[in-house]
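Right, one structure below, let's go through it.
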Amino acid sequence: MDKNLKEEKLTGLVKFTPPLYRQRYQFVKDLVDKYKPKKVADLGCADCTLLCMLKFCSCIEVLAGIDICGSVMKEKMHRLSPLPVDYLQPRERSLTVTLHHGSVAHKDPCMLGFDLVTCLELVEHLDESELKKFPEVVFGFMAPSRVVISTPNSEFNPLLPGVKLFRNPDHKFEWTRLQFQSWALENARCYGYSVEFTGVGHPPRGMENVGFCTQIGVFVKKCPETCASTQSEKPTEAVYKTVFEAVYPSLKDEKYLQKAVVREVIFTAQIIKQSLLNCLMSEHREYNDPTERKSKFQPSMNCFSEDLGKLVVEKSMESFVSGNVVYIPLATIFSFPRVNRLCGTFEKLRQLVAGQVTLSSDGSAVMLSTEHED
Ligand code: SAH
């Protein structure tokens, strides 16, 4: 049975909502939202559920999972592959997701360079020799700015029905708060980290003295600049086997950027065209029937904000109709926030739309036909 499912069953009487494992994942997600790390590694990632959650964080560019059990990691790893929607709406930043098969007791160069390392419910699965090597691998070798370690708080166990010795038969030990804190403080001191303790899974009212069901230590590197030099002194050979790699489409890739820009340019041009035609129609009606005192035209679409609506009205005046073609200056389209943000410079816009949309002979305006319009 899945480890988290087992835990839910154990905690049947003390009901956690959301389930405890979700609260642990959310704890990490909140840290990511707060500190915006670019590179995150999850050690003991199991079926990659936390990684699946983190792939939606726009700040993350590199996401890696490591586990000693290849089969559990591969079971649902397809969830880490890009979806069709990822191609339709590419991310702003690049994202590479990799899974490595190996033990956290070993050093591998692929573990270097991470900002945040998470180890949820991992340490209690390590045997004595692995646990001994673990701090040197994580704090000494990987040396990220932040490390999150969660582990069961054994003081909570009497409140969990059916727990005899440990919560899971694969656990090699379960620590009291004091045991975890002294292990954590000793390693923090040794490797130049500070550590703060917290947890998830509140005890029932009146039993607060037992502490959280899951205890968590958040380690922060005291002087991040020293880690680069220590890392470079320790080249090692690759020992992990990479079992999965996915590169997500992103606007950093010219191909996807061009598609996004062309789509946005056509969309913006269509709105301006519609707005201009509405304006001409309303002026035409006013001219024929002077009693009709309509306020200046409004863009007919209400799918954008009032500010953007005003911008469309204003900008459509710079466009013009000749014959059955509407000319919308590229410079006008560039002044729209979304186009502007995507391209950065006017030159880039010109370069990206060249050959992709119909432009006037001097290349300064987008041409749209008025055919099929009244
Ligand atoms: N972090 C996950 C899974 C916790 S279960 C979660 O919170 O849901 C512990 C996981 O650690 C298992 O998937 C197990 O295979 C893995 N593990 C145990 N010993 C390991 C080791 N030495 N190196 C890497 N992973 C290990």
Side-chain angles (χ1 to χ4, degrees), residues 1-11 16 18-32 40-55 63-77 79-80 97-108 110-111 114 116-142 146-153 166-175 180 198-201 212-218 236 238-244:
M1 201 194 309
D2 174 276
K3 194 197 166 200
N4 290 326
L5 251 170
K6 265 191 207 146
E7 182 182 71
E8 259 192 88
K9 285 221 153 70
L10 282 179
T11 57
F16 293 114
L20 208 49
Y21 73 96
R22 282 266 149 214
Q23 294 191 35
R24 290 191 290 262
Y25 297 160
Q26 190 58 46
F27 181 87
V28 171
K29 172 85 173 28
D30 292 343
L31 270 189
V32 167
V40 181
D42 185 28
L43 310 188
C45 63
D47 67 359
C48 312
T49 307
L50 175 63
L51 296 171
C52 285
M53 224 170 129
L54 296 181
K55 77 171 190 169
L63 203 48
I66 292 159
D67 204 290
I68 201 166
C69 182
S71 57
V72 74
M73 207 166 34
K74 287 178 191 164
E75 216 171 274
K76 297 180 190 161
M77 70 182 179
R79 295 182 298 171
L80 293 171
V97 184
T98 42
L99 295 179
H100 306 282
H101 181 207
S103 169
V104 295
H106 298 140
K107 297 174 183 173
D108 184 296
C110 77
M111 298 169 108
F114 288 94
L116 171 66
V117 170
T118 56
C119 315
L120 301 188
E121 309 299 278
L122 167 70
V123 288
E124 66 275 12
H125 289 265
L126 305 180
D127 64 26
E128 212 180 320
S129 73
E130 290 172 321
L131 185 67
K132 218 167 154 204
K133 291 176 192 154
F134 175 79
E136 168 54 24
V137 174
V138 176
F139 301 112
F141 179 67
M142 294 184 84
R146 271 191 176 71
V147 180
V148 178
I149 296 182
S150 85
T151 190
N153 164 20
F166 299 138
R167 296 182 194 179
N168 183 294
D170 191 46
H171 288 180
K172 308 298 185 294
F173 58 86
E174 284 177 4
W175 279 329
F180 175 51
T198 177
V200 292
F212 289 106
C213 190
T214 294
Q215 46 184 341
I216 299 177
V218 180
T236 50
V239 288
Y240 287 178
K241 187 170 170 235
T242 303
V243 292
F244 176 88

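Counting starts at 1 for both ligands and their atoms, following the listed order. These figures come from a predicted structure and were not determined experimentally.
Here Gln23 contributes atom CD and Cys213 contributes atom SG; the two are 9.5 Å apart, rounded to the nearest 0.5 Å. A distance of 7.0 Å separates CG of Leu120 from OH of Tyr25, quoted to the nearest 0.5 Å.
When heavy-atom distances to ligand 1 are checked against 4.0 Å, the residues falling inside are Lys3, Asn4, Tyr25, Gly44, Ala46, Asp67, Ile68, Cys69, Gly102, Ser103, Val104, Leu120, Glu121, Leu122, His125, Leu126, Glu130, ordered by chain and number.
For the side-chain contact (heavy atoms from CB on, under 4.5 Å) test with Tyr240, the passing option among Lys107, Met111, His101 is Met111; the others fail.
Proximity of a side-chain donor or acceptor of Ser103 to a complementary backbone N or O of Ala105 within less than 3.5 Å is detected. Side-chain N or O atoms of Glu130 include one that pairs as donor or acceptor with a backbone N or O of Asp127 at under 3.5 Å.
Sorted by first and then second residue, the salt bridge (charged side-chain N to carboxylate O under 4.0 Å, His left out) pairs with a member in residues 66-77 read Asp47-Lys76; sequence neighbours excluded.
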